[in-house]
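In what follows, a single structure is set out as C-alpha cells and then discussed.
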Amino acid sequence: MKREFLCLFGMIAVLFGCTGENREREMDRFIDGLMGRMTIEEKIGQLNLLAAPGDIVTGEVQNHNVLQAIVQGRVSGVFNLKGCDNIRKIQRIAVEQSRLGIPLVFGMDVIHGYETTFPIPLALTATWDTAAVRQAARIAAREATADGICWTFSPMADLSRDPRWGRVAEGIGEDPWLGAEMVRAMVYGYQGEDPSSFATDEMMACVKHFALYGASEAGRDYNTVDMSRVRMFNEYFLPYQAAVEAGAGSVMASFNEVDGVPATANRWLLTDVLRDRWGFDGFVVSDYTGVLEMVAHGIGDLSEVSARALQAGNDMDMTSRAYVDTFVESLEKGRISEEEIDRACRRVLEAKYRLGLFEDPYRYCDPEREKTEIFTPQNRAAARKIAAESFVLLKNENDLLPLRRGGTIAVVGPLAASRENMPGTWSVATDLKAPSTLVEGLRTVAGAETRIVYARGSNICHDEVLERNATVSGRAIPRDGRTDREMLDEAVRVARSADVVVAALGEPSEMSGESSSRTDLGIPDAQRELLEALVATGKPVVLVLFAGRPMTLTWEDAHVPAILNVWFGGTEAAEAIADVLFGDVVPSGKLPSSFPRNVGQIPVFYNHKNTGRPLGDRTGFVKYRSNYLDVANTPLYPFGYGLSYTSFEYGDMALSSDRMGENGSIEVTVKVSNTGTRDGVEVVQLYIRDRVGSITRPVKELKGFQRVSIPAGESVDVSFTITPEMLRFYNSELEYVVEPGEFDVMVGTNSDRVQSARFVFE
Ligand code: BGC
C-alpha cells in the first residue's frame, strides 16, 4: 500500500511537474501529503544520518543497530557505503520494510574523485583551471552515481591561511576569490546548473564546513575560531556563499565555534546569514558527531544542545543519534516545537524529492553503469591530464628539468615505491592498490632507453610513533628493517651510479587531512638527511615533493637545483609526474597558498592589510616597522607563484581609461610573450587595491585570472574587464558597498611580481 502511495506521487510528479515552478508546487503537494501521514518519530527519523556499518567508516566508529532503525523509519540516510549491491540491499529495506517506505539518501565523501581519483582539492586549486575542476567533479559524480551514491560531502570551501592545519589539503588555499571560483566549478560539476532536479548521473553537493573551520587557533584541528565579522564577510565567507549561489543542495555545519557559539547551534550563522541573507533553501547537516560534541564545547547537555541545533537551523544530525534520542521528550517538555521538527523534516524530504528518489529509489544504482562507467580509460586519462596541470614547479636551476630520456635515473626516497600513498587523503572510494608507484610510472613513461634504478634511502621519519600516525587508513608504508646508515649508504651508491637523481620525498598522504595538524612543516627529518646526502654526491638532484600543505623549504630552495611540488595527484599521479619530469607536459600550476619561510611566520598570506607601520618594499629589518628581527615578511614562494619550462615576458599594461563611473568599466590589456623554446601555459593574474576605504582594505586582492596557452616565440594580448562589482566590499555595517576613490590595478605572473596602474572610481 505505502509503496503504491509513493510511486503514485512520483508518477504525478513526472507527468505534471516537469520543471521549475510546477515541479516545486508538485513537490510541496507531495510532501504535504507525505508529512500528513508521518508520525513524529518518523519525522525525527528523517533528521538522522548514520555512517555505514562495517564498511568504510570515517571518524569514530559507533555501535548501533542500523538496519533495525531503518525498518522503524528512524534513519534518513547512510553514508560511506560502497557498491550498488550494498546500497540496493539497504534501500530495499527502507522502501519495503519501513511503514511509509521513504527512501534513504546515500552519501559519501567523494572529495577529489571516486575510484578515478583526481589531485587533492588544494592541488586542484593549483591548476587555476575552473573547467578542469568542473570536469573532475563531473567525472566524480558520474562514477559515484553509477555506484549508488547521490550525495557528496564536497566541496570544502574552508579558506585557510594556516598550513599547520592538516585540512588545508582538502580546501581551496588562502584566497577568497580563487576559492569561490573553484567551489562554484565543483558544485556545477556535481549537480549541473539546475539545482531543482538531478539527472541520474548528478549528485547533490554539500558545502562544508560552515563556517570558518580553516581558521582554527594555532592550526590545531577542531580548535576554537574567533574572527571579526568584517573579516568573515570580506574573506572567509565568500567561497561558501559562492557554493550556495551555485545551488549546492546542502550545507554542513562546522565543528568549531563562531562568535562563541558552536556553528552547529549558531542561529546567526545557519539562519540569519545562510538563509536570510544568502537565500539558501536546502538542508543543513551537522558534521560527524557535531551535535553531541557541543556537550564538550560546554553549552548544555545532550537534550539542550540538540534543541539548540535544531532551532539554529541544523536540520540533520550526522551520527550523534542525538535528535532521535532526545526530541520526543524535548517536544513533550515544550523545549522544541513540532513546527521546528516539521521545518527540518520538510527540507530533507525536499532534497530527496529533487534527487528523484521518490520516483525511483534505485535510480542511482545502475549495475550496467557500475560495470562500464567507473575507473574507465577515459576518466583516468582526464585525471592524468589534470594531475599534471596541478603540479607546481618551484625551482629549476639551469633548466635541469625536463629530464632527457636515456642514461640512468636514480629514484630515491620512501615515497617512490608506494602505491597507497599516491591518491592522497580522503580518497574514500579509491582502490588503493590501483595507482602505479612513482618508479613504475617513470619506467612506463621513460621507455626502454632509460634505466631507472631505485633505492629507498630512509624511513618516513625517525620517530616511529609519528610515522605510524601519519600512515594510517590503509596507507601503511612499512618501516624498513635496515639501519638508517645502511639505507643511506645504499641510496648514495645508487645515486652515484646515475646521471641524475629524482628524490621522492615529503609527507605521506595521511600527514595532512583531518586530524593531521603539524607544528613542523619541513620535510620529515630522516628524509631531509637523505636529501642532504644526495645533494652532497654532486649529482644533479630533482626533488619531487609530496605535500598536502604548504611546506617550509628554505634549505631545499637554497641547495636543491630543481623542485617539483606534486601534492597528491590521485590514482594517475605517477604517470602524470613522469609526464612532467620528461617534459611531455610543461608545468603550469601556480600556488594557491603562500609557502612560508618558517613556521613562525604563519599566518603569511598575500592579501594582508597594510598596518600603520608597513615595511613596504624595504628589505632587511627596520626598527619600529611591522616586521621580524630574524626573518623577512615575505613568504619563500608567494601566492600565485609557479615556474614553467618556458619563460614569459609581460609588456606594459594599458588601461582603456583611468576613470570609471557606476555603470562603467575599464579594459586592462597586457601583452604576454612566450620567450622560451617550448609551448607553455601562463596563468595571468589581476589584482586590485582599494587605496582608501571607510574600513582598511588589503594591499591587494585577486579579482581575475586567465590561463593562456602561448606557443613558443608567440605573444597574446590578455584583457580583463574591471567593473564596479569587483570593487565592492562589506563595510563595518556589513553592507556590500563600493566607495568612490583611487584604486590600483595590478597584473602579473604571481602575487609578488606585478605591474601596477591607478584609476579612479567616481
Ligand atoms: C569530516 C567531514 C566529513 C565527515 C563524514 C568528518 O569527520 O569533518 O568533512 O564529511 O566526517 O565522513
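Just follow the structure's listing: the first ligand is 1, and inside any ligand the first atom is 1.
Ring pair Trp567/Phe118: centre-to-centre distance not below 6.0 Å. Taking the six-membered ring where the residue is Trp, the centroids of Trp278 and Phe237 are separated by under 6.0 Å.
With hydrogens and angles ignored, the 3.5 Å screen pairs no side-chain donor or acceptor of Thr289 with any backbone N or O of Leu292.
Each of Val105, Asp315, Val75, Val348 was evaluated against Gln46; a single residue qualifies, Val348, per the side chain to side chain contact (heavy atoms under 4.5 Å, CB included) test.
Near Phe255, meaning under 4.0 Å from any of its heavy atoms, are these atoms of ligand 1: 8 (O). Residue Phe79 has at least one heavy-atom neighbour below 4.0 Å for each of these atoms of ligand 1: 5 (C), 12 (O). Set against the non-hydrogen atoms of Met252, the atoms of ligand 1 under 4.0 Å away are 10 (O). Taking every heavy atom of Lys208 and a limit of under 4.0 angstrom, the matching atoms of ligand 1 come to 2 (C), 3 (C), 9 (O), 10 (O). Each of the following atoms of ligand 1 lies closer than 4.0 Å to a heavy atom of Tyr288: 6 (C), 7 (O), 11 (O). Ligand-side atoms of ligand 1 in range of Asp109: 3 (C), 5 (C), 10 (O), 12 (O), range being under 4.0 angstrom from any heavy atom.
Note: no N/O pair closer than 3.5 Å links Tyr213 and ligand 1 by distance alone. For ligand 1, the polar-atom distance check finds no N/O of Glu170 at less than 3.5 Å from any of the ligand's N/O atoms.
Proximity of Arg167 to ligand 1, defined as any heavy-atom pair under 4.0 Å, is confined to the side chain (atoms from C-beta onward). Contacts with ligand 1 closer than 4.0 Å are made by no heavy atom of Tyr222, backbone or side chain. Within the 4.0 Å heavy-atom criterion, the part of His209 lying near ligand 1 is the side chain and not the backbone.
The pair Glu202-Arg138 does not meet the salt-bridge criterion, since no charged nitrogen lies less than 4.0 angstrom from a carboxylate oxygen.
Nearest-residue assignment for atom 2 (C) of ligand 1 (options Thr319, Asn80, Asp287; heavy-atom criterion): Asp287.
Rounding to the nearest 0.5 Å places OH of Tyr114 at 13.5 Å from OG1 of Thr571.
If you check the side chains of Asp287 and Tyr222, you find no donor sitting under 3.5 Å from an acceptor.
When all heavy atoms of Pro239 and Ile172 are compared, the pair lying nearest together is CG-CD1, 4.1 Å.
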